[in-house]
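Atoms considered below: every heavy atom in the structure, side chains included; atoms not considered: hydrogens, waters and symmetry mates. Computed from a prediction, not measured in an experiment: that's the story for all the values here.
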Amino acid sequence: MEPGREITIADLPRSVLDVLATLRGAGHEAVLVGGCVRDHLLGRPGADWDAATSALPQQIVDLLPGATWENRFGTVTLLGPPPVEVTSYRTEGKYRDGRRPDEVRFGASLADDLARRDFTINAMAWMPGDLEAGRGRLIDPFEGERDLADGVLRTVGDPRERFGEDALRLVRAARLAARDGMTIDPATEAAIIALADSAASVSGERIRDELLRILAHPLPSRAVGMLERLGLLRVVLPELAALRGVPQSKAIPGDALDHTLRAVDAAAPDDPDLRLAALLHDLGKATTLSGGHFIGHEDVGADLAEGVLRRLRIARARSDRIVGAIRQHMYAYDSTWTDAAVRRFIRRLSGVDRELLFALRRADNAASGVGPLGEANQVELEARIAEQLERQPALLVDRRLAIDGDDLQRELGMAPGPELGALLDHLTELVLEDPSRNERSILLDLARGR
């Protein structure tokens, strides 16, 4: 396979230079492959550096201090910075589980290695010449550069075979095409639609990782919309797909799914939990519409979101944070709220990440077309919360009454049980209404006169 035209990858990181130079110096072929080559041709230098080599995995480990052999696929990782993944040239057997090859054979050629990859734009390599100058030649046996220029996403070889090897590639196709504004090749698209149901076999962890990559894009709605068009959304996120056609009355036209996608786009792209919360915040609308209102959709949606996050293997602490924000996102503040109402709201949000909640509400407001009044209300609410937290830290931060259940049992002779809990709740409400009551003697008098 003859190298193609010369291209320069400027400013190769030192760790990447060292990897390529060491392997070549030991007599092995070593090239850059995949996303870093593709992104360079797009004028978008990436953070991921992948190399491939004729060296076998153990030879790579022996040559590169600090290298770790990660898996049976011959992937060796160096921490960098930046990290570099080095993979031995390989060919693969059949994919009977739709995810992993039954057999991996090392010692293949670069041509064989590129032929096993998913899309033509990922099946290019950069063969170095003058490493220090970043000069080398493009290896492009499947015309990936032409597809990049034409804006076409196409599989390497038969699309049904490529997608049959790993059904996650169906989802990845939508992500890559949407991210770069590409058109999917007709044969590739037909295979995706025909094989969409096979995406159900992909593990939650792998769907999660693709979804988080989608949510990191400036406009995730493009990829989610493509997933829907290709029949994949109903397979990987059926709870979200169910929002299509659910009517709602907003200043901005559209159904519940349109609104959700606007909210995701409005959320900060560098906050994955916020974007997940925006994606899932209205799941309850699919089943709660009654008389033009979505009664209790925030609670139904929070429960559905919890199930989705569990399926995606999102860590419990992150899931609880996201679900808590979804459950509380339907508050309706205005300037008529009393200070007591603000204090009750703060207590209601105990255990909820207020920063995430308020960011979700801002994204929801933007997607609803609420306008400046919504932001003014939000700013005022946050200022009043800060004021109350500063004035009443014991009550609102530490959540302390001046008496507790032991005091009531000792002073009033009450027994443990629901009546005692109800009395403490009643005293808490009285103190929220008037914090000056939060003194032991006052509270005991109030308890005796209940």
Task: salt_bridge(R361, E355) N-O dist < 4.0 Å - done: no
- [ ] For residues L114 and M124, determine if any side-chain heavy atom of one lies less than 4.5 Å from a side-chain heavy atom of the other.
- [x] no
Open item on the list: In the structure I gave you, are the side-chain heavy atoms of L240 and L280 within less than 4.5 Å of one another anywhere?
Closed with: no
Open item on the list: Whether R213 and E210 form a salt bridge (side-chain N of Lys/Arg under 4.0 Å from carboxylate O of Asp/Glu) is what I want to check.
Closed with: yes
Open item on the list: Is there a side-chain contact between L243 and D255 in this structure, where contact means two heavy atoms from C-beta onward sitting under 4.5 Å apart?
Closed with: no
Open item on the list: With a sphere of 6.0 Å drawn around CZ of R175, does it hold more than 12 non-hydrogen atoms of other residues, nucleotides or ligands?
Closed with: yes
TODO: Quick one: closest heavy-atom pair of P57 and V76, and the distance?
DONE: O-CG2, 4.0 Å
Task: R162 (side chain) donor-acceptor with T155 (main chain) under 3.5 angstrom - done: no
- [ ] Say whether, by atom type as modelled, one donor and one acceptor occur between the side chain of H281 and the main chain of E298 under 3.5 angstrom.
- [x] no
TODO: Indicate yes or no for a side-chain donor-acceptor contact from R117 to the backbone of V33 under 3.5 Å, with no hydrogens or angles considered.
DONE: no
Open item on the list: The test is salt bridge (charged side-chain N to carboxylate O under 4.0 Å, His left out); show your working for R318 and E306 and say whether it passes.
Closed with: CA-CA 10 Å; R318 289 183 67 190; E306 185 174 20; over 6 Å; no
Open item on the list: Distance check, rounded to the nearest 0.5 Å: D147 atom CG versus T120 atom OG1?
Closed with: 3.5 Å
- [ ] Please report the shortest heavy-atom distance between A251 and G369, naming the atom on each side.
- [x] CB-O, 3.7 Å
- [ ] With side-chain contact (heavy atoms from CB on, under 4.5 Å) as the test, would you mind laying out the steps for L176 and N122 before giving the verdict?
- [x] CA-CA 10 Å; L176 292 174; N122 292 332; 3.8 Å; yes
Task: Minimum-distance pair of heavy atoms, taken over all atoms of A167 and S198 - done: CB-O, 3.5 Å
TODO: Could you tell me the separation between the CG atom of L283 and the NE2 atom of H297, rounded to the nearest 0.5 Å?
DONE: 9.5 Å
Task: Non-hydrogen atoms of W126 and G134 that approach each other most closely - done: CZ2-O, 3.1 Å
TODO: First locate atom CG of D166, then atom CZ of R172, and finally report the distance between them rounded to the nearest 0.5 Å.
DONE: 6.0 Å
TODO: Spell out, as yes or no, whether a donor-acceptor pair under 3.5 Å connects the side chain of R362 to the backbone of E375.
DONE: no
Task: NZ/NE/NH1/NH2 to OD/OE distance under 4.0 Å, R90 and D113 - done: no
- [ ] May I ask you to decide if I184's main-chain N or O and T188's side chain share a donor-acceptor pair within less than 3.5 Å?
- [x] no
Task: N/O donor-acceptor pair under 3.5 Å between R275 side chain and V264 backbone - done: yes
- [ ] May I ask you to test the D353-D273 pair for a side-chain heavy-atom distance under 4.5 Å?
- [x] no
Open item on the list: Show, in sequence, the C-alpha distance, side-chain angles and deciding distance for Y331 and L349, and conclude whether the side-chain contact (heavy atoms from CB on, under 4.5 Å) test is met.
Closed with: CA-CA 11 Å; Y331 59 88; L349 297 186; 6.0 Å; no
TODO: May I ask you to say whether D180 pairs ionically with R44, meaning some side-chain N is under 4.0 Å from a carboxylate O?
DONE: yes
- [ ] Please examine the side chains of L381 and W337, heavy atoms only from C-beta on, and report whether any two atoms are closer than 4.5 Å.
- [x] yes
Task: Under-4.0 Å salt bridge between R262 and D258 - done: no
- [ ] Mind running side-chain contact (heavy atoms from CB on, under 4.5 Å) on D112 and R116 for me, showing each step along the way?
- [x] CA-CA 7 Å; D112 291 333; R116 70 174 176 78; over 6 Å; no
Task: side-chain contact (heavy atoms from CB on, under 4.5 Å) evaluation trace for D50 with T87 - done: CA-CA 8 Å; D50 297 301; T87 306; over 6 Å; no
Open item on the list: Quick check: closest heavy atoms across T22 and L63, and the distance to 0.1 Å?
Closed with: CG2-O, 3.6 Å
Open item on the list: Please check: side-chain N/O of S54 versus main-chain N/O of E29, any donor-acceptor pairing under 3.5 Å?
Closed with: yes
Task: Residues D339, R384: salt bridge by 4.0 Å N-O rule - done: yes
Task: pair L276-I314: side-chain heavy atoms closer than 4.5 Å - done: yes
Task: Flag side-chain contact, heavy atom, 4.5 Å: L227 against I214 - done: yes
- [ ] Grab the two heavy atoms, one from A267 and one from L274, that are nearest each other, plus how far apart they are.
- [x] CB-CG, 3.7 Å
Open item on the list: Whether the side chain of R313 engages the backbone of E205 through a donor-acceptor N/O pair (distance < 3.5 Å, no angle test) should be reported.
Closed with: no
Task: Point-to-point distance, once rounded to the nearest 0.5 Å, from NE2 of H293 to OG1 of T288 - done: 12.0 Å
- [ ] Taking atom types as modelled, find out whether D282 and T260 have a side-chain donor-acceptor pair closer than 3.5 angstrom.
- [x] no
Task: NE2-CZ distance between H217 and R222, expressed to the nearest 0.5 angstrom - done: 10.5 Å
Open item on the list: Nearest 0.5 Å, please: how far is CD in Q378 from CG in N365?
Closed with: 7.0 Å
Open item on the list: Whether the side chain of D265 engages the backbone of S221 through a donor-acceptor N/O pair (distance < 3.5 Å, no angle test) should be reported.
Closed with: yes
TODO: Check whether any side-chain N or O of D209 sits under 3.5 Å from a backbone N or O of R206 as a donor-acceptor pair, and report yes or no.
DONE: no
- [ ] Could you check whether the rings of F358 and F345 sit parallel, tilted or perpendicular, using 30° and 60° as the cut-offs?
- [x] parallel
TODO: Kindly indicate whether the side chain of R154, heavy atoms from C-beta on, has any atom under 4.5 Å from the side chain of R146.
DONE: yes
